[in-house]
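Atoms within a ligand are numbered from 1 in the order they appear, just like the ligands themselves.
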Amino acid sequence: MADFGIKEALAQLGLKDINNGTSTGSVNFANGEVIESYSPVDGKLIGKVVASTREDYNKVMDVATTAFKEWRAMPAPQRGEIVRQFGNKLRELKEPLGKLVSYEMGKSYQEGLGEVQEMIDICDFAVGLSRQLNGQVIPSERPGHVMREQWHPLGVVGIISAFNFPVAVWSWNTALAWICGNVCVWKGSEKAPLCSVACQNIIAEVLKANDLPEGISCIVNGDYKVGEYITEDTRIPLVSATGSTRMGRIVGAKVAERFGKSLLELGGNNAIIITPTADLKVVVPGAVFGAVGTCGQRCTSTRRLIIHESVYDKVRDAIVGAYGQIKIGNPLDENNHVGPLIDKDSVNTYLAAIEKAKAEGGKVLVEGGVLEGEGYESGCYVKPAIIEAENHYEIVQHETFAPILYLMKYSGDVENAIELQNGVAQGLSSSIMTSEMKEAEKFLSFAGSDCGIANVNIGTSGAEIGGAFGGEKETGGGRESGSDAWKVYMRRQTNTVNYSDELPLAQGIKFDL
Ligand code: NAD
């Protein structure tokens, strides 16, 4: 089988057969178990990463804590300059890193490149922001007084990330955390550990070239137990955790117990409402890319289509027809649309979900199943499925991280569709397809979608970094990336300064001595 330039990409990213998974740059401490990273693309071993022990982790924290003292003293625009250089390095290495993402995680090469582009974009955003970490000046009620607000760095930010965006999610957090004056300790997913080593190699080179402490960026590796070192650690004031709702429930509680802050980016159950005036030219690619892109493994993947009964048959037939065009295979081959699921556990979850949907009364419109034979040796390639279902089915209420799309009807007004759309426990992304201004505005109003992301005439997936990203309810409530998401990486301080010769008390309280 063609190599698609993987060997060369690994070499360009400084990856070896065995890699140190606990790193502050040149200083590596890994003494834990060995994680073998197998590609879901062809089932081959890509490389090994030595995971972190508790002692390794503590050494990393010492280096990071020391680095913080120097980094926070550097003016924010100078920190931005380092992020700018990091963004440029990513431009140089976009192709090899995009290839690694595709090969280790299984998304299409185009989506791998897109993920690195997001990293570049957030770096650019962070560079500009490094001159805009503005506080406010607030009128004081007391004469000769001034009140203002400042934003200070927090310290060591812990980042725990999921397998499906193995590089971008880290950069959304870290680029902002850095310009805010924090240092970062990142535990990537144990399902894509080489991606974290590759990113660490890139930033370590930038820090070294600038003669900066390498503890500004650190990685640790391993499963949830290594994640727990971070969540339990009182030296970490903010834990940003991306992953399943199951994980977020545990992490959120652990961090809250010690009064730490957490930024939770958890599962979604995203729907598109398709109204009678929806434009099929937009609906079909929007819904199909949303449902099958990244093999249904985006937090924003489209899981449900809520279609008005008057256009149901037409929309269903168009979507089912489009599924017939989908090419499934090696994601590095740009002729294919859909790559594999991440591993066989995920394949089993996908199969079980289809069975459950059928048992609850679902009618299969496009059959799922596991692909076998040449090119599918890893056992992780599945067929995207479409099932006619009802919103209240247990299985529909849960996020299955696989390409299963549920179709359901609504009748009457758009309010009925909005009720179905909101009638799940998650609240990440949502969209409406309509040419009616009133329907669109209702969907975006306080009585409309209850999600963190609500779109009109585009699908649920594929957010830009300029907006705040995240969702409500079981999606965790966190926001990262654009807008004013930077504020979560800083602590707010209110200052009142008296430049008069008197000491008037607030609220006019008298205290005469
Ligand atoms: P996962 O929850 O299995 O793992 C995510 C990360 O959390 C991993 O690094 C894992 O080691 C760590 N972890 C798990 N349990 C932990 C614990 N008790 N303490 C500390 N760390 C722990 O998720 P996954 O399978 O890698 O990713 C898929 C999930 O991520 C989906 O639910 C998807 O919707 C979600 N996701 C959400 C967003 C978002 O922005 N909302 C983005 C990407 C993925």
Asks: Below 4.0 Å, non-hydrogen atoms only: which portion of Ile342 touches ligand 1? Side chain, backbone, both or neither.
Replies: neither

Asks: From the options Ile160, Asp343, Asn221, Thr294, select the one whose nearest heavy atom is closest to atom 12 (C) of ligand 1.
Replies: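 Checking each option, the heavy atom nearest atom 12 (C) of ligand 1 is found in Ile160.
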
Asks: Return yes when at least one protein heavy atom is under 4.0 Å from atom 1 (P) of ligand 1, and no when none is.
Replies: yes

Asks: With heavy atoms under 4.0 Å as the rule, classify the contact between Val169 and ligand 1 as side chain, backbone, both or neither.
Replies: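 Neither; nothing of Val169 gets under 4.0 Å from ligand 1.
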
Asks: Of the listed options (Gly476, Gly452, Gly243), which comes nearest to atom 29 (C) of ligand 1 when hydrogens are ignored and any heavy atom counts?
Replies: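 Shortest heavy-atom distance from atom 29 (C) of ligand 1: Gly243.
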
Asks: Run the numbers on Trp170 and Phe165 for ring-ring contact (aromatic ring centres under 6.0 Å, His included), then give the verdict.
Replies: CA-CA 8 Å; Trp170 168 68; Phe165 275 87; over 10 Å; no

Asks: Are the side chains of Asn164 and Met105 in contact, using a 4.5 Å heavy-atom criterion?
Replies: yes

Asks: Kindly indicate whether a cation-pi arrangement holds for Lys99 with Phe4, taking the cut-offs as under 6.0 Å to the six-membered ring centre and within 45° of the axis.
Replies: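 The answer is no, since Lys99 fails at least one limit relative to Phe4.
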
Asks: Starting from atom 13 (N) of ligand 1, find the nearest protein heavy-atom neighbour and note its residue, name and distance.
Replies: Met247 CG, 3.5 Å

Asks: Determine the minimum heavy-atom distance between Pro193 and Ile35, stating which atoms define it.
Replies: CG-CG2, 4.1 Å

Asks: For ligand 1, which atoms, with element, lie under 4.0 Å from some heavy atom of Ile250?
Replies: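 Near Ile250, meaning under 4.0 Å from one of its heavy atoms, ligand 1 has 18 (N).
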
Asks: Just going by heavy-atom distances, which of Ser189, Pro193, Ala162, Cys299 is nearest to atom 38 (C) of ligand 1?
Replies: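 It is Cys299 that holds the nearest heavy atom.
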
Asks: Tell me the contacting part of Glu399 for ligand 1: side chain, backbone, both, or neither, using a 4.0 Å heavy-atom threshold, strictly below.
Replies: side chain

Asks: Any idea which of Ala241, Pro166, Ser429, Gly227 brings a heavy atom closest to atom 20 (C) of ligand 1?
Replies: Gly227

Asks: So which heavy atom in the protein is nearest atom 43 (C) of ligand 1, and how far is it from that ligand atom?
Replies: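 The protein heavy atom lying closest is Asn164 OD1, 3.2 Å.
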
Asks: In this structure, does ligand 1 have an atom that sits under 4.0 Å from one of the heavy atoms of Phe163?
Replies: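 Flag set, Phe163 near ligand 1.
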
Asks: Of Phe401, Tyr224, Phe469, which has the heavy atom at the shortest distance from atom 28 (C) of ligand 1?
Replies: Phe401

Asks: I'd like to check whether Glu265 has a polar contact with ligand 1, where a contact means an N/O of the residue lying under 3.5 Å from an N/O of the ligand.
Replies: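 For ligand 1, there is an N or O atom that lies under 3.5 Å from one belonging to Glu265.
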
Asks: Number the atoms of ligand 1 from 1 as they appear, then name those within less than 4.0 Å of a heavy atom of Glu190, with their elements.
Replies: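 Answer for ligand 1: 8 (C), 9 (O), 10 (C), 11 (O).
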
